[in-house]
Amino acid sequence: MSLSRVFLSPPHMSQQERALLLDAFDSNWIAPLGPHVDALEKEFAEAVGAEQAVALSSGTAALHLALVLLGVKAGDEVLTSTLTFSATVNAVTYVGAAPVLIDSEPNTWNMDPNLLAEELHACARRNRLPKAVLVVDLYGQCADYGPIRRLCERYDVPIIEDAAEALGASYDGQSAGTFGEVGAFSFNGNKIITTSGGGMMVCRSEEMAEQARFLATQARDPAPHYQHSRIGYNYRMSNLLAAVGRGQLRVLEDRVAARRENYEFYRDALADAPGVDFMPEHPQSRSTRWLTCVTVDPQRFGAARDDVRLALEAENIEARPTWKPMHLQPVFSNCRVRGGEVAERIFRLGLCLPSGSSLTGEDLLRVVDVIRAAGGCRPLEFDLRTALPPKRKAA
Ligand SMILES: Cc1ncc(COP(=O)(O)O)c(C=O)c1O
């Protein structure tokens, strides 16, 4: 295979990260915490408009702490999205609670507010309301928080927002991650910005943020010796990684713009491909298009999702099926589920296309040429080949 590999969503560093990392290194703040952690928390909170931010070792850690902080315990129920990455639902099980899985709606691919209403209604009738609703913002797009928030307020159930995939997105002008009592973000290597591994929890009160920091550093009571009155965790972010995160945060807007440009190019270049549909964007929402996702209808396109994926792989291009819903996962097969058909269809037909912010014009054209050929479409027209965003022009 001669052409270099096109990855799904590789890290994209700028020069600032290197300088900040070296600064952290040279200052010998290597061990946990340090000035870059404090600065990242402050800068991150400002960037998303949250009162408080706590830098952690992963997005999963942020979700786990969110559940602990809201007092979710063994025997409680937590309503959450079935179409997500396993980390969301795993976190619910870490506190011993039972996940209840809610289907997606076709308009956002996120939690269906109507099904949430039905489930909350059924829970209320049983006199057993969930301890929290854990809403996921999928592939860079916020869920439909208007109705979701109204429902949760009516039943007085707190929202935890899993915005691991949606940093930089907004809904009604408000930043992803700030719609619940607590929000969780990921800086995992494939995310829109990365610290190689890391996460951030945002919340509304200083007390809660302080409690999160306490629990994330092994719950050490204030004493000169090591004393513990609670179970703690080792979840804090290192100063070295926080330095990288600060550099990445400064280029977040550029990264969002580049990923949206990828989407716009794919959309235009595949507009005439029958049966290829893009993940919809809700009118109130601005997606980052962290990943550009399509569904491929095999009858109309003439090739199935996996034919397209394998054709791309044969050309050294990475594409992945959309998430397999949690209610279809063996490990969660005992969970209660409301609906499921929408997520199942997205899983059956869905494909995530290469979406990195460092993709070149050649990369984008390679992807589109393979997809068009797989479905027997004629080659891309000259106007569209040359319509790439200025910085991405193919050579
Ligand atoms: C929806 C969702 N939730 C949670 C996570 C977990 O984040 P992390 O990998 O930083 O633990 C991820 C991704 O990794 C994710 O996509």
Side-chain angles (χ1 to χ4, degrees), residues 7-11 40 44 53-68 78-95 99 101-104 108-111 132-143 145 159-169 176-177 179-180 182-202 212 216 233-238 241-242 244-245 248-249 259 279 287-293 320-327 329 331-332 343 346-347 350 352 355-356:
F7 290 101
L8 187 77
S9 181
L40 177 64
F44 191 93
V54 181
L56 298 168
S57 53
S58 69
T60 312
L63 289 170
H64 184 190
L65 282 187
L67 290 153
V68 172
V78 173
L79 311 191
T80 189
S81 315
T82 192
L83 191 63
T84 184
F85 178 55
S86 61
T88 314
V89 186
N90 283 342
V92 176
T93 69
Y94 296 167
V95 293
L101 304 168
I102 312 275
D103 201 0
S104 300
T108 63
W109 292 13
N110 284 313
M111 184 184 280
V133 177
L134 171 48
V135 187
V136 182
D137 301 334
L138 215 57
Y139 297 127
Q141 170 162 244
C142 287
Y145 282 107
I159 294 177
I160 299 172
E161 184 176 354
D162 181 349
E165 301 178 2
L167 174 59
F179 289 91
V182 192
F185 296 89
S186 168
F187 304 129
N188 183 30
N190 63 4
K191 295 300 185 289
I192 195 157
I193 62 171
T194 181
T195 57
S196 80
M200 190 70 78
M201 196 201 93
V202 296
Y233 309 92
N234 183 4
Y235 277 171
R236 284 296 256 156
M237 182 184 275
S238 96
L241 300 190
V244 176
Q248 287 270 277
L249 193 60
R259 286 187 189 247
M279 177 181 179
S287 169
T288 64
R289 298 284 175 181
W290 167 57
L291 296 185
T292 292
C293 303
R320 296 235 181 118
T322 42
W323 298 127
K324 179 172 182 175
M326 292 302 118
H327 68 275
Q329 301 288 354
V331 69
F332 297 123
I346 293 170
F347 170 57
C352 307
S355 301

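We count ligands from 1, going down the list as the structure has it; atoms in each ligand are counted the same way. For clarity, every value in this text was computed on a predicted model and none was experimentally measured. When reading the values below, keep in mind they use all heavy atoms of this one structure, side chains included, and skip hydrogens, waters and symmetry mates.
Residue E165 holds its CD atom at 9.0 Å from CZ of F85, rounded to the nearest 0.5 Å.
Inclusion of F85 in the set of residues having an N or O under 3.5 Å from an N or O of ligand 1 is not warranted. The N/O atoms of E165, backbone and side chain alike, include one that comes under 3.5 Å of an N/O atom in ligand 1.
Within ligand 1, the atoms closer than 4.0 Å to a non-hydrogen atom of A164 are 2 (C), 3 (N), 4 (C), 5 (C), 12 (C), 15 (C), numbered from 1 in the order shown. Each of the atoms 1 (C), 2 (C), 3 (N), 4 (C) of ligand 1 lies under 4.0 Å from some heavy atom of D162. The distance from ligand 1 to the heavy atoms of N188 drops below 4.0 Å at these ligand atoms: 9 (O), 10 (O), 14 (O). Of all the atoms in ligand 1, the ones that sit under 4.0 Å from a non-hydrogen atom of S58 are 10 (O), 11 (O). Below 4.0 Å from some heavy atom of G198 lie the following atoms of ligand 1, by number and element: 10 (O). Every atom of ligand 1 is numbered from 1 in the order shown, and the set under 4.0 Å from a heavy atom of T84 is 1 (C). Taking every heavy atom of T88 and a limit of under 4.0 angstrom, the matching atoms of ligand 1 come to 1 (C), 3 (N).
Taking the six-membered ring where the residue is Trp, the centroids of Y94 and Y233 are separated by 6.0 Å or more.
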Between D137 and Y145, does the side chain to side chain donor-acceptor pair (under 3.5 Å) criterion hold? Intermediate values first, please. CA-CA 10 Å; D137 301 334; Y145 282 107; 2.6 Å; yes
Audit row: Q141, N110, side-chain contact (heavy atoms from CB on, under 4.5 Å) steps and yes/no: CA-CA 8 Å; Q141 170 162 244; N110 284 313; 4.2 Å; yes
Passes side-chain contact (heavy atoms from CB on, under 4.5 Å), N190 versus W290? Steps please. CA-CA 9 Å; N190 63 4; W290 167 57; 3.9 Å; yes
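Between L83 and W323, the closest heavy-atom pair is CD1-O, 3.3 Å. Minimum interatomic distance between L167 and I192 (heavy atoms only, all atoms of both residues): O-CG2, 3.7 Å.
Residue nearest to atom 10 (O) of ligand 1, selected from S186, A163, S57, A91: S186 (by heavy-atom distance).
Using a 4.0 Å cut-off between heavy atoms, A87 contacts ligand 1 through its side chain alone, with no backbone atom that close. At a heavy-atom cutoff of 4.0 Å, ligand 1 is contacted by both the backbone and the side chain of T60.
Between W109 and Y139, the ring-plane angle classifies as perpendicular under the 30° and 60° cut-offs.
Protein heavy atom in closest approach to atom 13 (C) of ligand 1: K191 NZ, 2.8 Å.
Looking at R320, K191, R259 one by one, the single match for side chain to side chain donor-acceptor pair (under 3.5 Å) with S9 turns out to be R259.
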